[in-house]
Amino acid sequence: MKKLSLQKWCSVFACVLLLAGLLTACGAPAQPEEPSAEAVTVNITALKGPTAMGMVQLMNQADDGEFSDAEYRFNIASSIDEVTPALAKGETDIAAVPANVASVLYNRTKGGIEVLAINTLGVLYIVENGDTVHSVENLRGRTIYASGKGATPEYALNYILTENGIDPMNDVTIEWKSEHAECLAALMADESAIAMLPQPFVTTAQTKSESIRVALDLTKEWDALQEGSEQPSAMLTGVLVARREFVEQNPEAVHAFLQRYQASVEQVNADNEMAAKLIGAYDIVPEAVALKALPACNIVYIDGAEMQQKLSGYLSVLFEQNPEAVGGALPQDDFYFAG
């Protein structure tokens, strides 16, 4: 028998090791990816309603453990009063808030807050029990039930009325309620009533009474006023903000989150049925309401230069009405996340 040379023995041994490795790999079940030791914890807060609805796909992925580089902790708040202190104290890192509140927080924290993206365009609608309102002019002399005095709804309504030649103080009567549910109750109790409601409360109202119709989409009315304007603005509802300190300390985590958040928004808009199930499961709004309301919720993801152009124009409109609506001063350029 011929003896194998040392070189041939080494070749045989290497082949045996390679075969053993392949057999082990084929026979062993795949192991789930363990979270990295460097995984970043990201605390995220959103309000019940459209500003949280765009997040649900991302929330579901996080709950399923799909991300190894970050641990996302979501909190769905019922009131903005729960969100602003959490940001100020550093208890939340990223939050979905009303657009003007972002500016107020920026001013109060002396630049400690920056806006990452626009996540919701206008969601305000004029609704009625009858069929009498077909233009803004039809609101003249009427009583409008609304909530949100001193906040975006008041400034948006005043802007649209004024730009259409209607004095909000003298040509209409605006009955301000403390919450949207009161406006809905007033609408249900009075057949001639008109109310300004946001989604998904509009859909909730229509599920209670088939006679309630959407008379005016205030986002479209706002957009119509921008035609020919040298500095057009957009009607906005919500934006995504972050603590500047968190962004500077975790730039890669912020970029990863934004990519995943954008994908979530796109999926929510592409598959309303899937999104509605998740929205109901996370107790943001009931699934049936979400399914009907989603097409009218104007959930978006807008960042970069377009975000700055739209948001700065919107804040300028509010500032002209009442500087305190944006915190006393318009934000500087560092308010807008450059990426």
Side-chain angles (χ1 to χ4, degrees), residues 50 98-101 103 118 120-177 180 182-184 186-187 190-199 201-203 205-206 211-239 295-298 300 302 309-326 330:
N100 72 304
V101 171
S103 178
I118 296 168
T120 320
L121 299 178
V123 296
L124 292 172
Y125 297 83
I126 297 294
V127 298
E128 66 169 337
N129 264 315
D131 189 23
T132 63
V133 177
H134 299 277
S135 69
V136 176
E137 178 61 30
N138 293 149
L139 299 176
R140 189 184 298 274
R142 303 292 295 272
T143 296
I144 305 169
Y145 294 99
S147 67
K149 184 172 177 57
T152 296
E154 179 182 15
Y155 305 129
L157 181 58
N158 285 349
Y159 173 71
I160 290 170
L161 290 173
T162 301
E163 293 300 309
N164 280 277
I166 298 175
D167 183 347
M169 299 297 294
N170 299 307
D171 295 335
V172 295
T173 300
I174 304 175
E175 292 282 350
W176 292 105
K177 302 294 185 180
H180 302 310
E182 292 184 45
C183 299
L184 180 55
L187 188 66
D190 184 355
E191 292 184 359
S192 64
I194 298 173
M196 178 175 67
L197 291 173
Q199 285 288 7
F201 278 91
V202 172
T203 299
Q206 291 178 318
S211 65
I212 294 175
R213 60 176 284 269
V214 173
L216 299 174
D217 179 342
L218 294 190
T219 301
K220 291 182 179 179
E221 298 300 330
W222 184 295
D223 290 345
L225 296 172
Q226 309 312 307
E227 295 179 7
S229 173
E230 294 182 0
Q231 294 182 319
S233 63
M235 184 177 177
L236 307 178
T237 296
V239 296
C297 282
N298 285 330
V300 296
I302 301 173
Q309 181 265 320
K310 289 182 180 295
L311 181 54
S312 62
Y314 175 73
L315 294 175
S316 294
V317 170
L318 269 58
F319 179 80
E320 290 175 4
Q321 291 190 47
N322 181 1
E324 292 307 312
V326 298
L330 290 173

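Just so you know, residue 1 is the first one in the sequence shown, and it goes up from there.
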[atom2] on [Y] to [atom1] on [X], rounded to 0.5 Å:
X: Y145; Y: D190; atom1: OH; atom2: CG; answer: 5.0 Å
X: S147; Y: L197; atom1: OG; atom2: CG; answer: 7.5 Å
X: N170; Y: R140; atom1: CG; atom2: CZ; answer: 11.0 Å
X: N322; Y: N100; atom1: CG; atom2: CG; answer: 10.0 Å
X: S233; Y: L225; atom1: OG; atom2: CG; answer: 8.5 Å
X: N298; Y: T219; atom1: CG; atom2: OG1; answer: 5.0 Å

For the residue pair [X] and [Y], what are the closest heavy atoms and their distance?
X: P50; Y: V123; value: CG-CG1, 4.3 Å
X: L218; Y: M235; value: O-SD, 3.6 Å
X: C183; Y: A195; value: O-CB, 4.4 Å
X: W222; Y: A156; value: CZ3-CA, 4.0 Å
X: Y314; Y: A99; value: CE2-CB, 3.8 Å
X: T152; Y: L236; value: CG2-O, 4.0 Å

Do the side chains of [Y] and [X] get nearer than 4.5 Å, heavy atoms only?
X: I126; Y: I194; result: yes
X: V172; Y: T143; result: no
X: I118; Y: V300; result: yes
X: M196; Y: Y125; result: no
X: V136; Y: L216; result: yes
X: V317; Y: L315; result: no
X: R142; Y: V133; result: yes
X: T162; Y: D167; result: no

* Check the pair V127 / R213 against side-chain contact (heavy atoms from CB on, under 4.5 Å), numbers first and verdict last. => CA-CA 6 Å; V127 298; R213 60 176 284 269; over 6 Å; no
* Asked: Stepwise, does the side-chain contact (heavy atoms from CB on, under 4.5 Å) test hold for V214 with V202?
  -> CA-CA 8 Å; V214 173; V202 172; 3.7 Å; yes
Would you say [X]'s side chain and [Y]'s backbone share a donor-acceptor pair under 3.5 angstrom?
X: N164; Y: I166; answer: no
X: E154; Y: G150; answer: yes
X: D171; Y: P168; answer: no
X: E128; Y: T132; answer: yes
X: Q199; Y: A296; answer: no
X: H134; Y: D131; answer: yes

* **Residues S316 and E320: side-chain donor-acceptor under 3.5 angstrom** =>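 The criterion, which ignores hydrogens and geometry beyond distance, is not satisfied for E320 and S316.
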* Take atom CD of E191 as the centre, draw a 6.0 Å sphere, and report whether it contains more than 12 heavy atoms from other residues, nucleotides or ligands. =>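 12 or below, so no.
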